[in-house]
Amino acid sequence: MKILVCISNVPDTTTKITFTPDNKQFNTAGVQFVINPYDEYALTRAIELKEAQGGTVTVLNVGEADTEANIRKALAIGADDAVRINAKPTDAFFVATQIANYAKAENFDLILMGKESVDYNGFQVHGMVAEMLGIPSITPGVKLDVNGNTATVQREIEGGHEIIDAQLPIVVSAQQPMTEPRIPNMRGIMTARTKPLKVVEPTGSETKTEIETFALPPQKTGVKMIAPENAGELITLLRNEAKVI
């Protein structure tokens, strides 16, 4: 089985978020970047499938040279080789186009990625990639098994779960509790240095969206305590100040 895992380079979830003075870009100064946590579920499950059934796992990232440390981490976790599309990931459509254009010529049986990246939470790329390749997309997957040419995916739906059988090739996005993400061991870190990492130039694709401005959420205000007997006051505050009813 030939598996492609797409990973994003995102700020560590403990990062303090700031923007450039014009509020048009995320300020990367002093920020540590990590593999997108949802992508780690996809990567680990791909490696588990390879170990159980044989095959190869290729990691793909759309990003500039500064993402290679996290690509090497993915190789250390257990991927066999990696590809970096040498471009800044400007929006979901651009990223999906680069993934699809590369995947078209490689005939992957299974394409995995996280359900979304934790920086933009777009929930878009997996569906776009599947549409561009003309194959099914199942999302968000919380369990994935493969038997021969059939993938069985359990996904979350409102109020429960749905189990779907689909013929390969397919695109599946991952979230917890698909598996327990792995941490690279010393042997993995050493072997990752010699595993192939191919840099590919981007293919033509326009960016469909443009950031107008970033803004931080309003700071939290103090808590108002309402006496139990003043239910009417609470309802008024929820309606007129919080505007939640």
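The number of heavy atoms from other shown groups lying within 6.0 Å of CD1 (Ile183) does not exceed 12. In this structure, Asn147 places its CG atom where only 12 or fewer heavy-atom neighbours from other residues, nucleotides or ligands lie under 6.0 Å away. Enclosure of atom CD in Gln53 by more than 12 non-hydrogen atoms of other residues, nucleotides or ligands within 6.0 angstrom is indicated. Around atom CD of Glu212, no more than 12 heavy atoms belonging to other residues, nucleotides or ligands sit under 6.0 Å away.
The two residues Val10 and Pro37 come nearest to each other via the heavy atoms CG2-CD, 4.1 Å. What you find for Leu75 and Pro196 is that their closest heavy atoms are CD1-O, 4.3 Å. When all heavy atoms are compared, the tightest approach of Asn9 to Asp119 is O-OD2, 4.4 Å. Taking each heavy atom of Gly78 and Lys50 in turn, the nearest pair found is O-NZ, 3.1 Å. Here the shortest heavy-atom pairing between Asn121 and Val118 reads OD1-O, 3.6 Å. Residues Ala174 and Ala42 come closest through the heavy atom pair CB-N, 3.8 Å.
Residues forming a salt bridge (Lys or Arg N to Asp or Glu O under 4.0 Å) with Glu201 (at least two apart in sequence, or on another chain): none.
The closest donor-acceptor contact from the side chain of His126 to the backbone of Lys115 lies under 3.5 Å. Between the side chain of Asp109 and the backbone N or O of Lys2, at least one donor-acceptor pair lies under 3.5 Å. Under a 3.5 Å cut-off, the side chain of Ser8 and the backbone N or O of Asn36 do not form any donor-acceptor pair. Asn230 contributes no side-chain N or O that, together with a main-chain N or O of Glu233, makes up a donor-acceptor pair within less than 3.5 Å. Side chain of Thr15 to main chain of Pro11: no donor-acceptor pair is present (N/O by atom type, distance under 3.5 Å, no hydrogens or angles).
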Check step by step if side chain to side chain donor-acceptor pair (under 3.5 Å) holds for Gln167 and Thr150. CA-CA 5 Å; Gln167 295 298 299; Thr150 302; 2.8 Å; yes

Apply the test side chain to side chain contact (heavy atoms under 4.5 Å, CB included) to residues Thr67 and Arg84: give CA-CA distance (whole Å), side-chain angles for both, the deciding distance (0.1 Å), then the verdict. CA-CA 9 Å; Thr67 68; Arg84 179 173 66 83; 3.4 Å; yes

Pair Glu51-Arg182, salt bridge (Lys or Arg N to Asp or Glu O under 4.0 Å): steps then yes or no: CA-CA 14 Å; Glu51 291 172 345; Arg182 293 186 181 182; 2.8 Å; yes

As a quick check of understanding, evaluate salt bridge (Lys or Arg N to Asp or Glu O under 4.0 Å) for Glu241 and Lys224, giving each step before the final call. CA-CA 11 Å; Glu241 289 194 17; Lys224 292 185 178 181; 2.9 Å; yes

Verdict with reasoning, Lys24 to Thr213, per side chain to side chain contact (heavy atoms under 4.5 Å, CB included): CA-CA 5 Å; Lys24 289 187 177 294; Thr213 185; 5.6 Å; no

Is there a side chain to side chain donor-acceptor pair (under 3.5 Å) between Arg72 and Asn70? Walk through the geometry before answering. CA-CA 5 Å; Arg72 288 291 179 192; Asn70 281 324; over 6 Å; no

Donor-acceptor pairs under 3.5 angstrom involving side-chain atoms of residues 97-106: please list them, not counting sequence neighbours.
| unit_1 | atom_1 | unit_2 | atom_2 | d |
| --- | --- | --- | --- | --- |
| Thr97 | OG1 | Phe93 | O | 2.8 |
| Gln98 | OE1 | Thr203 | N | 3.0 |
| Gln98 | OE1 | Thr203 | OG1 | 3.4 |
| Gln98 | NE2 | Thr203 | O | 3.0 |
| Asn101 | ND2 | Thr97 | O | 3.4 |
| Asn101 | ND2 | Thr203 | OG1 | 2.6 |

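For the residue pair Thr44/Glu180, the side-chain donor-acceptor check at 3.5 Å is not satisfied.
Annotation: the span from Leu43 atom CG to Ile77 atom CD1 amounts to 5.0 Å, rounded to 0.5 Å. Rounding to the nearest 0.5 angstrom, the gap separating the CD1 atom in Ile157 from the CD atom in Gln154 is 10.0 Å. Taken to the nearest 0.5 Å, the NZ atom of Lys73 stands 9.5 Å off from the CD1 atom of Ile7. In this structure, CD1 on Ile35 lies 14.0 Å from OG on Ser117, to the nearest 0.5 angstrom. With rounding to the nearest 0.5 Å, the separation of CD1 in Ile85 from NZ in Lys198 is 8.5 Å. For the atom pair Asn27 CG and Thr20 OG1, the distance stands at 7.0 Å (nearest 0.5 Å).
No continuous path of ILVMFWY side-chain contacts below 4.5 Å connects Met113 to Met178, so the two sit in separate hydrophobic clusters. Leu4 and Met1 are members of different hydrophobic clusters when ILVMFWY side chains are connected at heavy-atom separations under 4.5 Å. If you chain together hydrophobic residues whose side chains sit under 4.5 Å apart, Leu110 and Val171 never meet in one group. Both Phe94 and Val200 are part of a single hydrophobic cluster, where members link through side-chain heavy atoms under 4.5 Å apart. Note on Val5 and Val153: same hydrophobic cluster, where clusters join Ile, Leu, Val, Met, Phe, Trp and Tyr whose side-chain heavy atoms are under 4.5 Å apart, directly or indirectly.
Val31 belongs to a hydrophobic cluster whose remaining members, ordered by chain and number, are Ile17, Phe19, Phe26, Phe33, Tyr120, Ile211, Phe214, Leu216; membership requires side-chain heavy atoms of ILVMFWY residues under 4.5 Å apart, directly or through intermediates. Other residues sharing a hydrophobic cluster with Ile189 under the 4.5 Å side-chain heavy-atom criterion for ILVMFWY residues do not exist; the residue is a singleton. Met225 belongs to a hydrophobic cluster whose remaining members, ordered by chain and number, are Val223; membership requires side-chain heavy atoms of ILVMFWY residues under 4.5 Å apart, directly or through intermediates.
With Asp80 as the partner, the side chain to side chain contact (heavy atoms under 4.5 Å, CB included) test is satisfied by one option alone out of Val59, Ile47, Ile3, Val57: Val57. Between Ile111 and the choices Leu133, Val172, Ile170, the side chain to side chain contact (heavy atoms under 4.5 Å, CB included) rule is met once, by Leu133.
Side-chain contact between Val146 and Leu168 is present, with heavy atoms from C-beta onward closer than 4.5 Å. The shortest distance between side-chain heavy atoms of Val83 and Thr58 falls below 4.5 Å. Thr139 has its side chain out of reach of Gln175: every pair of non-hydrogen atoms, C-beta onward, lies at least 4.5 Å apart.
Sorted by first and then second residue, the salt bridge (charged side-chain N to carboxylate O under 4.0 Å, His left out) pairs with a member in residues 139-156 read Arg45-Asp145, Arg155-Glu162; sequence neighbours excluded.
Aromatic ring pairs are classed by plane angle as parallel below 30°, tilted from 30° to 60° and perpendicular above 60°; the pair Tyr38 and Tyr41 is tilted.
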